[in-house]
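Model, not experiment: these values are computed from the prediction. Proteins get letters first, then strands, A, B, ... in listed order; numbering begins at 1 in each. Just the heavy atoms: all of them, side chains too, but no hydrogens, waters or symmetry mates, feed the values below.
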2 protein chains.
Amino acid sequence: MIDRIDRRILSILQEDCTVPVAEIGRRVGLSTTPCWRRIQKMEEEGVITGRVAILDPKKVNAKVTAFVSITTNQHSEDWLKKFADVIREFPEVVEFYRMAGQVDYLLRVAVPDIEAYDSFYKRLIAKIDIGDVSTTFAMEQIKNTSALPLQYVAAEKPRAEER
Amino acid sequence: MIDRIDRRILSILQEDCTVPVAEIGRRVGLSTTPCWRRIQKMEEEGVITGRVAILDPKKVNAKVTAFVSITTNQHSEDWLKKFADVIREFPEVVEFYRMAGQVDYLLRVAVPDIEAYDSFYKRLIAKIDIGDVSTTFAMEQIKNTSALPLQYVAAEKPRAEER
DNA sequence: TGCGGATGGGAAAAATTTTCTCTATCATGC
DNA sequence: GCATGATAGAGAAAATTTTTCCCATCCGCA
């Protein structure tokens, strides 16, 4: 189980995973070793799935975000598998959801500009037959974080009477 | 400028930033020092904005994704500032865009379940008067990566005749 | 009372990052 | 053609950090 201290460790690591373990320990009131062991455990359990570098979209020329809503009449397992495989080939697609409601699928696409989006779109529809597509562009990214909320993590270690 | 080697370094670091510099150097055909210096430079220039731990949404009980489309008649600078400040207080909101088109703002919200979304929604509208709100839920996250596409990064070092 | 499991701590070993010094290459000006 | 300075690469050493090892403490329970 994840306790209060683990949660604080996760909070630190979600913001900046270059902080030395000794410093994390200091902040959460532990020495290096137990702090290190907690981090190890959370990696083994899959709570922490990895550590990655975050890039500036402007600096890598991918500052335009497009949301692509897809409504299709194709609903077979096979078609979805094919679709998912095609999408995975496009690094421009950074998020891909199957939706409830009117829209069947939603993509978030990162490109330099509208022209590049159009080129992406043509390459996409050349690869697979999708249905109705509707695209909207973001003017401004006001917040975009990889940090998930931690207030919902499963409660403290269950006490004896709860087991 | 970012050259071919820098791009390969970024590609590695976007997937996994725990790879030792010596190993990155080996993969891109450089020794440790020049590879380290390239990474340093990209951090100083702000190409790399940070390194973070990625958590498993299931394991931290935030596996439900809701997209919230907001249409408002409030368009003043002040209102947006207030709105942005309110949003930043909610760790459930992981993405926040100002949009072109019909919808004015789009939020992506991470919560454990529909009930938690409803609670979030009530807390949000208690804090600020927003206009029309429409929420759709994702059934499945097929792809979600922090890695931006790198094929658009500004061209190779300009050669003499191009300057 | 004593045992086993879980958790914390200090110190040492191992690995990695960071610095320092030295070369090679190349475009440029003389 | 040849010095010169800027740019980029390399190896070795120093500094820092991670990782391991061994031991102490606490707690529930038989």
- prompt: Which parts of nucleotides 9-18 of chain C does protein reach within less than 4.0 Å, heavy atoms only, written one letter per nucleotide 5' to 3' as B for base, S for sugar-phosphate only and - for none?
  reply: BBB----SSB

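For A/R37, there are no salt bridge (Lys or Arg N to Asp or Glu O under 4.0 Å) partners at least two apart in sequence or on another chain. Residues meeting the side-chain hydrogen bond (donor to acceptor under 3.5 Å, both in side chains) test with B/D6, sequence neighbours left out: B/R38.
Atom P of nucleotide C/dT7 and atom CD1 of A/I9 are separated by 12 Å, given to the nearest angstrom. Regarding A/K41, its NZ atom lies at a distance of 10 Å from the C1' atom of C/dT7, rounded to whole Å. Atoms CZ (A/R51) and P (D/dT18) sit 8 Å apart, rounded to a whole Å. Nucleotide D/dA8 holds its P atom 12 Å from the CE atom of B/M1, rounded to whole Å. Per the geometry, CZ belonging to B/R26 stands 14 Å off P belonging to D/dA10, to the nearest Å. If you take CZ of A/R4 and C1' of C/dT7, they are 16 Å apart, rounded to a whole angstrom. Straight-line distance from the CZ atom of A/R38 to the P atom of D/dT19: 18 Å, rounded to whole Å. Regarding A/D6, its CG atom lies at a distance of 15 Å from the P atom of C/dA6, rounded to whole Å.
Membership of the apolar cluster around A/I54 extends to A/V52, B/V52, B/I54, as traced through chained side-chain contacts below 4.5 Å between ILVMFWY residues. Cluster note: B/M139 groups with no other residue, as no ILVMFWY side-chain heavy atom lies under 4.5 Å from it.
The salt bridge (Lys or Arg N to Asp or Glu O under 4.0 Å) contacts involving residues 48-57 of chain B comprise B/E43-B/R51, where partners must be two or more places apart or lie in separate chains.
Within a 6.0 Å radius of NZ in B/K127, other residues, nucleotides and ligands contribute 12 heavy atoms or fewer.
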